[in-house]
Each structure stands twice: as structure tokens, then as C-alpha cells.
Number of protein chains: 2
Amino acid sequence: MEQGKTNGEVLKKYRVGVEAALEVMGGKWKPLIIYHLFTGRKRSSELRRLIPDITQKMLTTQLRGLEKDEIVQRHVYSEVPPRVEYELTAYGYGLKPALDLLCYWGEDHLDKVYGDKSKVLEKFKSIET
Amino acid sequence: MEQGKTNGEVLKKYRVGVEAALEVMGGKWKPLIIYHLFTGRKRSSELRRLIPDITQKMLTTQLRGLEKDEIVQRHVYSEVPPRVEYELTAYGYGLKPALDLLCYWGEDHLDKVYGDKSKVLEKFKSIET
DNA sequence: CGGTATCCTATGGGATACTG
DNA sequence: CAGTATCCCATAGGATACCG
């Protein structure tokens, strides 16, 4: 238990904390968009190519949400044809550890579901706080 | 980049991994339920008390989902009045590292939104893989 | 006490067409 | 190329009442 806080405060912190995080990166496409931006800024067409199943509308919608939460920054170049690039903020990059852990857990889960041996779980249990 | 895998394979792995994880624990109340179960098995009425805003229906629904994915185990006692307890499986407990990171990031996000200093981010950047 | 069964609505997300 | 505007649908989630 953290110091100087009541159970209720810690509980509330946890609640809004995890909920806030899920609001920010919990959309259907947001984790994937963020993932691709981990490797550097991408223009809109690149993201569409990297995420074939996403529609233009959803790409825009999810990016706007991420922009509002200051996870990504939008760079507009006044050219013809227009060019727009999206870049993770340092703040958004801070989601990487959490997303990576979620990813590894998810892989492990899929292995489990599909009958493979659980092998990723061990790898990260040392990180438990 | 992981060994022996193409970019596509790694990408696909990441995609389904993070999506699978969000399917399992991405519900509105699931993280909160899981959190409370981190501290030990709880009976249904305890969870409702700990999560005042949840309805009976949603508690049952989310718990059934978690049970299906083998995150929680349901223990039924044939008594009068009936008693039912829910317990995290070892497998479900493996979500703790990821949930904790999400929680800390979310707290930091809320501090940021509400004008406080960002102070949790530093704490975990060493975990980045 | 714990759980269903209805019923309802809010909304996240998709398809398509259009614009600067 | 990047984005908006409609229109539409599936479903997650809430309110309420009832059951063993």
C-alpha cells in the first residue's frame, strides 16, 4: 500500500487511473496506431497502408482522439497534394511499457487459447510490482 | 526486432496480442473487478459494495466474460442464503504487471490533465523493452 | 443473496459519397 | 492526399422487475 494514503484514495486513484488509460488508448484501432508511431512519424497514407482494415473515417477519428489527449501531434504541410504526418509525443511514448506488457500478455493468451505452451508469462513476472 | 520473424509476423503478433488483451480486460468494469480480486477472493456482494456504481447485471456479465477467459474462477456454495465467491486464477493474475503500468500511466495522465506535475512517468521508463 | 429476463438507449464503428 | 458528411447498424451497457 502506498504511503500516506487511505485505502479509498488508492482505490480511487487506481480506478480512474486504469479507466483514464483505457479511455485514451482503448479504442479499436488506437493501440495499433500508437504501435506504428513507436517507430517514427508516419503520414496518413502510410498508416492506412500499415493498417489495411481501417477506414479513412476511423483513422481520422481515432487520431483526433489521440491528438486531443496529446498522445500524437499532427503536422500539416501546405503542399499540393496535401501531406499530413502524425508523430507520437514524448508523453504518448510513455504508453509503450504498458502497451508492450499488454501485447505480451495477449500473445500468451492467444497461445493458451490455441493450445500452445504458455511461454511469455514467465518472462515478465519479475516486473510485478 | 525478434529473431526469426518477419516484420509482418511481428506486426500481426502485436496486433492480435494487444487486441486480445483488450478484449479480455477491456470492458468498462473488468479492470476494476480484476483489481479488487488481486487482493484475494471476494464474494459477489463484496464486489458490489467495492464498486458502488456497477449494477448487478453488469457485475454478472463482466464476471462471466472473465470466467470464460479463465481470468477468474467462480466458487459456488450451496447454502441458504446462497454464497458465491470469485477468485483470480494464476493466469488472470498475470495481468497485474500490465494493469499496474496502465494504472500508473493513467494516474500520471490525470495529474497532467488536472495541472499537476508529471511524476510517475519517470518511474517506469526503465521498464521499456 | 445471487442471478435472469426484458426492455431500452447511447454510441462506437462501418459504408459510401463528396470536397479542397 | 487527407478529410468531412451522411446514413446506418450492431452491441455494450443501463433500468427495472422477477426468481430460486
Side-chain angles (χ1 to χ4, degrees), chain A residues 15-16 18-37 40-69 71-88, chain B residues 15-16 18-37 40-69 71-88:
Chain A
R15 193 182 84 88
V16 293
V18 88
E19 283 184 355
L22 286 181
E23 276 178 27
V24 170
M25 47 60 71
K28 179 170 181 179
W29 304 100
K30 283 177 181 174
L32 208 41
I33 292 172
I34 296 170
Y35 167 69
H36 286 297
L37 294 181
R41 69 156 73 180
K42 301 271 186 301
R43 58 187 297 181
S44 187
S45 52
E46 288 183 273
L47 288 172
R48 277 215 314 284
R49 182 172 47 77
L50 290 167
I51 314 174
D53 288 343
I54 198 173
T55 62
Q56 172 73 51
K57 175 195 171 185
M58 285 318 295
L59 179 61
T60 303
T61 302
Q62 304 273 296
L63 280 169
R64 289 291 180 283
L66 293 172
E67 197 185 354
K68 182 175 63 61
D69 290 322
I71 304 301
V72 304
Q73 188 173 4
R74 187 165 174 257
H75 302 274
V76 182
Y77 298 85
S78 298
E79 305 172 355
V80 179
R83 185 165 109 246
V84 178
E85 292 182 357
Y86 293 93
E87 181 182 28
L88 271 188
Chain B
R15 194 182 85 88
V16 295
V18 89
E19 284 184 356
L22 285 181
E23 276 178 29
V24 169
M25 48 60 72
K28 180 170 181 179
W29 304 101
K30 283 178 182 175
L32 208 42
I33 293 172
I34 295 171
Y35 167 69
H36 286 298
L37 294 181
R41 68 156 73 179
K42 302 270 185 303
R43 57 187 297 181
S44 187
S45 54
E46 286 183 273
L47 288 173
R48 277 213 315 284
R49 182 173 46 77
L50 291 167
I51 314 175
D53 288 343
I54 199 173
T55 61
Q56 171 72 51
K57 175 196 171 185
M58 284 318 296
L59 180 61
T60 302
T61 302
Q62 306 271 298
L63 280 169
R64 290 291 182 282
L66 292 173
E67 196 185 354
K68 182 176 62 61
D69 290 321
I71 304 300
V72 305
Q73 188 174 3
R74 188 163 174 259
H75 301 272
V76 183
Y77 298 84
S78 298
E79 306 172 355
V80 179
R83 183 166 112 245
V84 177
E85 292 182 355
Y86 293 93
E87 180 182 28
L88 271 187

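Just the heavy atoms: all of them, side chains too, but no hydrogens, waters or symmetry mates, feed the values below. Just so it is clear: chains get the letters A, B, ... in the order the sequence lines come, proteins before strands, and each one is counted from 1.
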Next on the checklist: What's the angle between the local helix axes at either end of the helix from C:dC1-D:dG20 to C:dG20-D:dC1, using five pairs per end and rounding to 10 degrees?
Outcome noted: 50°

Checklist outcome for this item: Atom CD1 of B:I51 and atom P of C:dG2 are separated, to the nearest Å, by 14 Å

Item to check | Atom pair distance, as rounded to whole Å: CZ in B:R48 and P in D:dA15 | outcome: 15 Å

Item to check | A:V76: side chain to side chain contact (heavy atoms under 4.5 Å, CB included) partners, not counting sequence neighbours | outcome: A:R74, A:V84

Item to check | 5' priority, DNA chain C, between A:G27 and B:L63 [closest heavy atom] | outcome: B:L63

Checklist entry - By side chain to side chain donor-acceptor pair (under 3.5 Å), which residues pair with B:Q73, not counting sequence neighbours? => result none

Item to check | For atom CH2 of A:W29 and atom P of C:dG13, their distance in whole Å | outcome: 10 Å

Item to check | Between C1' of C:dC1 and CZ of B:R49, the distance in whole Å | outcome: 14 Å

Checklist entry - What pairs with B:E85 under side chain to side chain contact (heavy atoms under 4.5 Å, CB included), at least two apart in sequence or on another chain? => result B:R41, B:R43, B:H75, B:Y77, B:R83

Next on the checklist: Without decimals, in angstroms, what is the distance between B:K28 NZ and C:dA10 P?
Outcome noted: 13 Å

Checklist outcome for this item: Distance col, row B:K42:NZ vs B:I51:CD1, nearest 0.5 angstrom, shows 10.5 Å

Item to check | For atom CD of A:E85 and atom P of D:dG3, their distance in whole Å | outcome: 11 Å

Checklist outcome for this item: Interatomic distance, CG@A:L32 vs CG@A:D53, rounded to 0.5 Å, equals 9.5 Å

Next on the checklist: Could you work out, with side chain to side chain contact (heavy atoms under 4.5 Å, CB included) as the rule, every residue matching A:K28, not counting sequence neighbours?
Outcome noted: none

Item to check | Over all atoms of both residues, closest heavy-atom pair of A:M25 and A:I34 | outcome: CB-CD1, 3.9 Å

Checklist entry - Mind checking what makes side chain to side chain contact (heavy atoms under 4.5 Å, CB included) contact with A:Q56, not counting sequence neighbours? => result A:S44, A:R48, A:T60

Checklist entry - Whole-Å distance between C:dG2 P and B:I33 CD1? => result 14 Å

Checklist entry - Which of residues 53-62 of chain A sit near DNA chain C, with a heavy atom under 4.0 Å from it? => result A:T55, A:K57, A:M58, A:Q62

Next on the checklist: Students often get this wrong, so: under 4.0 angstrom with heavy atoms, is A:Y86 touching a base, only sugar-phosphate, or nothing?
Outcome noted: sugar-phosphate

Next on the checklist: Between A:R74 and D:dG3, is there a contact of a side-chain N or O with OP1 or OP2 at under 4.0 Å?
Outcome noted: yes

Checklist entry - Does the side chain of A:R64 get closer than 4.0 angstrom to OP1 or OP2 of D:dT4 through an N or O atom? => result yes

Next on the checklist: So, does A:R43 get its side chain near the phosphate of D:dC1, meaning an N or O under 4.0 Å from OP1 or OP2?
Outcome noted: no

Checklist outcome for this item: Between CE of B:M25 and P of D:dA12 the distance, given in whole Å, is 16 Å

Checklist entry - Which pair of non-hydrogen atoms, one from A:L66 and one from A:V24, has the smallest distance, and what is that distance? => result CD2-O, 3.6 Å

